[in-house]
2 protein chains.
Amino acid sequence: MKAVLGREPMSTPYSAAQRRTIAVALELFSQHGVAGTSLQMIADALRVTKAAVYHQFNTKDEIVLAAAEFELAQLESVVDAAEAQPSAKLARNVLIEGIVDLTVARRRTVNAILSDPVVVGFFADHETWRDVMHRLRRLLIGDDAGPEARVRTAMLVAAISGAATHPFVADLDDDVLRIELLRLARRFLGLPG
Amino acid sequence: MKAVLGREPMSTPYSAAQRRTIAVALELFSQHGVAGTSLQMIADALRVTKAAVYHQFNTKDEIVLAAAEFELAQLESVVDAAEAQPSAKLARNVLIEGIVDLTVARRRTVNAILSDPVVVGFFADHETWRDVMHRLRRLLIGDDAGPEARVRTAMLVAAISGAATHPFVADLDDDVLRIELLRLARRFLGLPG
DNA sequence: GTCTATAGTGCGATAGAC
DNA sequence: GTCTATCGCACTATAGAC
């Protein structure tokens with residue numbers, strides 16, 4: 001099932017210090033954007049100096065890539081779980097639920113990181129990214145490549161990730177947001193829900 | 001109808017040179033983000049020096065604000081047109097159509113600018129922005145402030161603006177994208193269409 | 001693994017000639 | 001309105017002590 005050749009999802013076992021760096025970087029990137037976040041800001045948030053951060057990662061780009069791949073890996077595991085379902089219908093259901101859960105749980109970071117111009121540039125030639133997007137698209141659209149299906153899919157993905165970050169719902173509880181997102185997403189796809 | 005006190009939508013008549021600066025700034029901001037765009041890049045795109053750009057605007061922040069307000073003004077005129085309708089139903093219809101038109105016509109810039117972290121920060125205390133958002137929300141939700149209505153509204157706004165920028169539909173013609181977005185948005189709201 | 005110190009570069013912004 | 005030239009600063013990144 002996961003026998004995709006040459007791909008090694010989490011083959012880099014980051015140290016605890018590296019994971020802490022990634023965590024604070026994600027928070028700062030989501031607030032100020034990648035380009036608007038300096039290594040000084042990351043170092044200050046970790047309460048160490050810049051040199052200490054450079055001991056964990058050789059360049060800023062490596063931090064950006066590690067942070068982006070961290071979010072990507074979670075999306076990938078949702079896609080994995082969906083593909084493991086016996087039918088296309090079940091797969092789509094698991095996918096929607098997984099995306100909603102992921103988006104709500106990490107609503108401050110996921111969308112901000114994956115849509116940042118710098119990350120978009122990095123991911124343009126990124127194999128795992130293209131693979132995950134391709135599988136995601138296939139799960140949702142199937143073999144129908146017509147405009148209606150494609151726009152509907154883009155709207156659904158954008159609606160879920162965008163709505164979770166939207167100021168209109170900033171004060172809603174995670175549970176309430178999750179339930180409403182799920183219900184509307186299913187209705188949008190014409191699924192029972 | 002537009003008698004909102006103390007608000008002066010386009011009271012600053014920018015010169016032709018200033019409008020050219022705003023136009024190239026919007027393009028660059030949407031590609032690299034606000035923080036990732038330097039005044040040197042703007043000057044190069046205009047084929048002048050930085051000093052010439054500083055003759056049009058005193059600071060980079062002024063350029064960012066002018067560019068963001070340019071996009072906001074177009075959204076505001078859509079809201080104006082919707083509020084001029086005689087019924088709530090017609091108003092909502094005009095609003096959806098206007099947002100779809102605007103988003104498709106300027107699909108590379110609108111969403112990127114208005115969701116940029118720097119612009120979000122500028123607009124946090126921006127009167128016109130808050131006013132337009134409040135009126136937009138009122139037109140779509142009315143007096144229903146329940147979670148379902150709020151999530152549905154956030155999803156709709158995010159779906160339209162996000163879908164237009166989504167790579168899944170990057171190669172679709174503007175006309176096709178416009179028609180599909182409109183149809184799906186109306187179906188999402190339970191409107192005839 | 002963290003520090004101080006610093007190199008080298010590009011940034012936003014300004015002065016003043018034309 | 002555009003230019004050359006420059007200031008002061010923050011940035012990424014490195015060197016070397018502890």
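Order of the sequence lines fixes the chain letters, A, B, ..., with proteins taken first and strands second; residue numbering starts at 1 for each chain.
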Asker: Can you tell whether the side chains of A:Glu180 and B:Arg152 come within less than 4.0 Å, N to carboxylate O?
Answerer: no

Asker: Might you point out which heavy atoms bring A:Ala164 and A:Val169 nearest each other, and give the distance in Å?
Answerer: O-CG2, 4.2 Å

Asker: Of the listed nucleotides (C:dT2, C:dC3, D:dT2), which one gets closest to any side-chain atom of A:Thr49?
Answerer: C:dC3

Asker: Could you state the atom-to-atom distance from NE2 of B:His55 to P of D:dG1 in whole Å?
Answerer: 6 Å

Asker: Given atom CG of B:Leu28 and atom P of C:dC11, what is their separation to the nearest angstrom?
Answerer: 12 Å

Asker: How far does the helix from C:dG1-D:dC18 to C:dC18-D:dG1 bend, going by the axes of its first and last five pairs, to the nearest 10°?
Answerer: 0°

Asker: Calculate the interatomic distance between B:Arg19 atom CZ and D:dG1 atom P; express it in whole Å.
Answerer: 12 Å

Asker: Let me check something: do A:Leu114 and A:Val100 share a hydrophobic cluster, defined by ILVMFWY side-chain heavy atoms less than 4.5 Å apart, either directly or through other members?
Answerer: yes

Asker: Provide the full list of ring pair (Phe, Tyr, Trp, His ring centres under 6.0 Å) pairs with a residue in residues 94-116 of chain B, sequence neighbours left out, each pair given once.
Answerer: none

Asker: Would you check if there is a donor-acceptor pair between the side chains of B:Glu97 and B:Asn93 at a distance under 3.5 Å?
Answerer: no

Asker: Would you mind listing every ring pair (Phe, Tyr, Trp, His ring centres under 6.0 Å) that reaches into residues 75-125 of chain A, with sequence neighbours excluded?
Answerer: A:Phe123-A:His126, A:Phe123-A:Trp129

Asker: In terms of relative ring orientation, are A:Phe57 and A:Tyr14 parallel, tilted or perpendicular, with 30° and 60° separating the classes?
Answerer: tilted

Asker: Atom CD1 of A:Ile42 to atom C1' of D:dC11: distance rounded to whole Å?
Answerer: 12 Å

Asker: Please list, chain by chain and in numerical order, all residues satisfying ring-ring contact (aromatic ring centres under 6.0 Å, His included) with A:Phe168, sequence neighbours excluded.
Answerer: A:His166

Asker: Let me know the distance between CG of A:Asp44 and C1' of D:dA10, rounded to the nearest Å.
Answerer: 13 Å

Asker: Going 5' to 3' along nucleotides 12-18 of chain C, which nucleotides have protein heavy atoms under 4.0 Å from the base (write B), which only from the sugar-phosphate (write S), and which from neither (write -)?
Answerer: BBBB---

Asker: Starting from P on C:dT2, measure out to CG on A:Leu46 and report it in whole angstrom.
Answerer: 9 Å

Asker: Rounding to an integer number of Å, can you tell me how far A:Phe57 CZ sits from C:dG1 C1'?
Answerer: 14 Å

Asker: Can you pull the ring pair (Phe, Tyr, Trp, His ring centres under 6.0 Å) pairs that have at least one residue in residues 96-118 of chain A, sequence neighbours excluded?
Answerer: none

